[in-house]
Number of protein chains: 2
Amino acid sequence: MMVSNEIVKQQLAFLGKELTSKILEVSSVVEFEKDIEILKEGQYVKVIPIVIKGLLKVFTRQEDKELLLYYIKPSESCIMSFSASISNDKSTVYAKTAESSILLIIPADKIEMLTKLYPEFNTLFHQQFKVRYNDLLDTINQLVFTNLDQRLYHFLKETSIIRKENPVHISHREIANELGTAREVITRVMKKLEKEYKVVQNSDSIKIL
Amino acid sequence: MMVSNEIVKQQLAFLGKELTSKILEVSSVVEFEKDIEILKEGQYVKVIPIVIKGLLKVFTRQEDKELLLYYIKPSESCIMSFSASISNDKSTVYAKTAESSILLIIPADKIEMLTKLYPEFNTLFHQQFKVRYNDLLDTINQLVFTNLDQRLYHFLKETSIIRKENPVHISHREIANELGTAREVITRVMKKLEKEYKVVQNSDSIKIL
DNA sequence: TATAGGCTGTGACATATGTCACCAATTGTT
DNA sequence: AACAATTGGTGACATATGTCACAGCCTATA
């Protein structure tokens with residue numbers, strides 16, 4: 001999987017020419033296979049990834065249970081790594097490639113310079129903050145105010161959009177893993193959603209109606 | 001309740017003299033009684049509050065249920081209102097005074113100028129982001145990975161710190177409201193915490209052991 | 001003093017979710 | 001083709017939380 005400098009510049013276009021050049025100067029474009037860990041909870045942040053192509057999954061983990069927080073799509077970055085690098089803190093989340101990806105890797109020690117010299121670099125930061133704050137907020141609202149069926153339905157719709165497919169190819173076990181619950185519960189609730197004509201289950205995929 | 005310019009300057013000291021002067025120039029110091037709404041979900045953000053004295057409570061609401069997200073203490077600001085004003089968005093949370101408070105009110109239309117002219121203004125933003133991201137993340141982790149008893153215990157400890165008191169004067173109904181659950185459940189779980197020697201309940205307060 | 005309002009405690013019952021165990025069907029590997 | 005691994009479905013049972021109803025106690029008000 002190759003990518004040209006043009007694609008990279010395209011994905012960074014909202015940052016302006018001069019800043020884009022500077023970022024390209026200090027960073028590197030790296031290819032990663034699926035399931036490569038980019039960020040680990042408890043570890044110092046060394047790099048800030050911007051997604052050029054592919055998808056990063058940000059999640060939290062406790063014992064043997066995981067919970068998906070959000071996905072980072074092309075032109076987006078990891079707000080947690082921004083923040084952690086600015087104050088030299090450890091990451092509080094995990095991030096890994098959800099599919100083979102191409103990331104622009106900015107060394108953490110370059111962030112301070114970039115934010116000082118290029119106020120518009122903060123645009124990315126502010127944008128990302130708003131999106132992620134609302135992602136987290138939505139998750140909290142769902143957890144507190146709704147039952148799992150609604151959360152599952154919402155998850156399926158989001159997944160269809162992100163993966164650009166419908167039917168969505170995903171197993172009950174994987175769904176359970178993302179939502180931090182049990183596979184049997186997902187199977188049960190999926191049946192409920194089917195009865196409500198919200199989804200149709202095929203042998204290997206789920207179609208959202 | 002009066003406050004001198006000295007106290008205000010003190011709370012903003014981390015921002016530097018020049019920026020503090022500029023902020024004071026464009027903003028106003030306002031006194032609010034308890035339970036005054038500063039921010040409303042769905043409404044455009046007109047002001048960014050920085051707490052000089054007192055406490056702001058940020059919460060989310062759905063139908064007749066509320067959920068406390070976090071408190072904003074002196075020297076802290078509302079990251080949501082920062083973000084919303086920068087991109088001229090509506091607020092996604094509510095904020096109200098949790099006790100009578102003194103707030104520095106920055107008009108939203110001054111934010112862009114401040115972030116452009118004073119890169120160090122972003123220090124406040126970055127600081128606040130890190131804290132709030134982790135507040136939200138902690139809440140999610142608690143909701144997914146623990147039961148209510150642990151969330152309740154954690155809430156009581158935090159409340160004790162924020163209110164600077166132990167025993168904490170709070171009713172079961174108020175706790176239920178903050179945690180988005182039912183009063184009877186709180187009563188039940190409180191009994192459990194007592195049996196585990198984590199708290200002692202008095203007629204009007206709860207002592208955290 | 002009597003009454004109203006607020007708070008805590010409790011039991012009964014309901015619902016949502018989690019765990020365990022097992023089975024059947026399908027897919028992947030040797 | 002045979003076997004192993006994976007996946008979905010289901011029932012039984014357990015636990016956590018929510019709702020309803022009520023009682024008792026304490027505080028505030030008229």
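Hydrogens, waters and symmetry mates are skipped; everything else that's a heavy atom, side chains included, is used. In what follows, chains are A, B, ... by sequence order, proteins preceding strands, each numbered from 1. Predicted model, so just to flag it, every value in this text is computed and none were measured.
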What integer distance in Å separates [X]:[atom1] from [N]:[atom2]?
| X | N | atom1 | atom2 | answer |
| --- | --- | --- | --- | --- |
| A/Lys195 | D/dG9 | NZ | P | 13 Å |
| A/His172 | D/dT10 | NE2 | P | 11 Å |
| A/Gln201 | D/dG8 | CD | P | 8 Å |
| A/Asn202 | D/dG9 | CG | P | 11 Å |
| A/Arg183 | D/dT10 | CZ | P | 11 Å |
| B/Asp204 | D/dT27 | CG | P | 9 Å |

Are B/Phe125 and A/Phe125 close enough that their ring centres sit under 6.0 Å apart?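 Yes.
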Kindly indicate whether the side chain of A/Leu104, heavy atoms from C-beta on, has any atom under 4.5 Å from the side chain of A/Leu24.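 Yes - at least one pair of side-chain heavy atoms lies under 4.5 Å apart.
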Is the shortest side-chain heavy-atom distance between B/Ile102 and B/Glu31 below 4.5 Å?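 SC-SC contact between B/Ile102 and B/Glu31 confirmed.
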With a distance cut-off below 6.0 Å to the six-membered ring centre and an angular limit of 45° from the axis, does B/Arg132 pair with B/Tyr70 as a cation-pi contact?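 Yes, a cation-pi geometry.
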Salt bridge (charged side-chain N to carboxylate O under 4.0 Å, His left out) for A/Lys192 and A/Glu196? Distances and angles first, verdict last. CA-CA 6 Å; A/Lys192 181 171 185 276; A/Glu196 294 171 357; 3.0 Å; yes
Considering heavy-atom distances to DNA chain C, does B/Arg188 or B/Ser171 have its closest nucleotide positioned more toward the 5' end?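 Its nearest nucleotide being more 5', the pick is B/Ser171.
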Select from A/Val185 and B/Met190 the residue whose nearest nucleotide in DNA chain C is closer to the 5' end of that strand.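 With A/Val185 and B/Met190 compared, the 5'-side residue is B/Met190.
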Give the first and the last nucleotide of DNA chain C, reading 5' to 3', that has any atom under 4.0 Å from a heavy atom of chain B.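 Here the contact window of chain B covers C/dC7 to C/dA12.
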Can you check whether A/Ile79's main-chain N or O pairs, donor with acceptor, with A/Gln128's side chain at less than 3.5 Å?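 Not confirmed, A/Gln128 side chain does not pair with A/Ile79 backbone.
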Is there a donor-acceptor pair under 3.5 Å between the side chain of B/Ser85 and the backbone N or O of B/Ser81?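 Judged by distance alone, yes, a pair lies under 3.5 Å.
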How far apart are the C-alpha atoms of B/Lys57 and B/Glu178, what are their side-chain angles, what is the distance that settles it, and do they pass the salt bridge (charged side-chain N to carboxylate O under 4.0 Å, His left out) test? CA-CA 10 Å; B/Lys57 166 179 155 185; B/Glu178 306 283 79; 2.7 Å; yes
If the helix axis at each end comes from five base pairs, how far does the helix from C/dT1-D/dA30 to C/dT30-D/dA1 deviate from straight, to 10°?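 Taking the rotation axis at each end, their angle is 30°.
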Hey, can you tell me if B/Tyr94 and B/Phe59 have their rings parallel, tilted or perpendicular (30° and 60° cut-offs)?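 The arrangement is parallel - the two ring planes meet at less than 30°.
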DNA chain D: 5'-proximal contact among A/Ser203 and A/Val144 (nearest heavy atom):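 By nearest-heavy-atom nucleotide position, the 5'-most residue is A/Ser203.
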Which part of the nucleic acid, if any, lies within reach of B/Arg173 when heavy atoms closer than 4.0 Å are counted: base, sugar-phosphate only, or nothing?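 Answer is sugar-phosphate: B/Arg173 comes under 4.0 Å of backbone atoms only.
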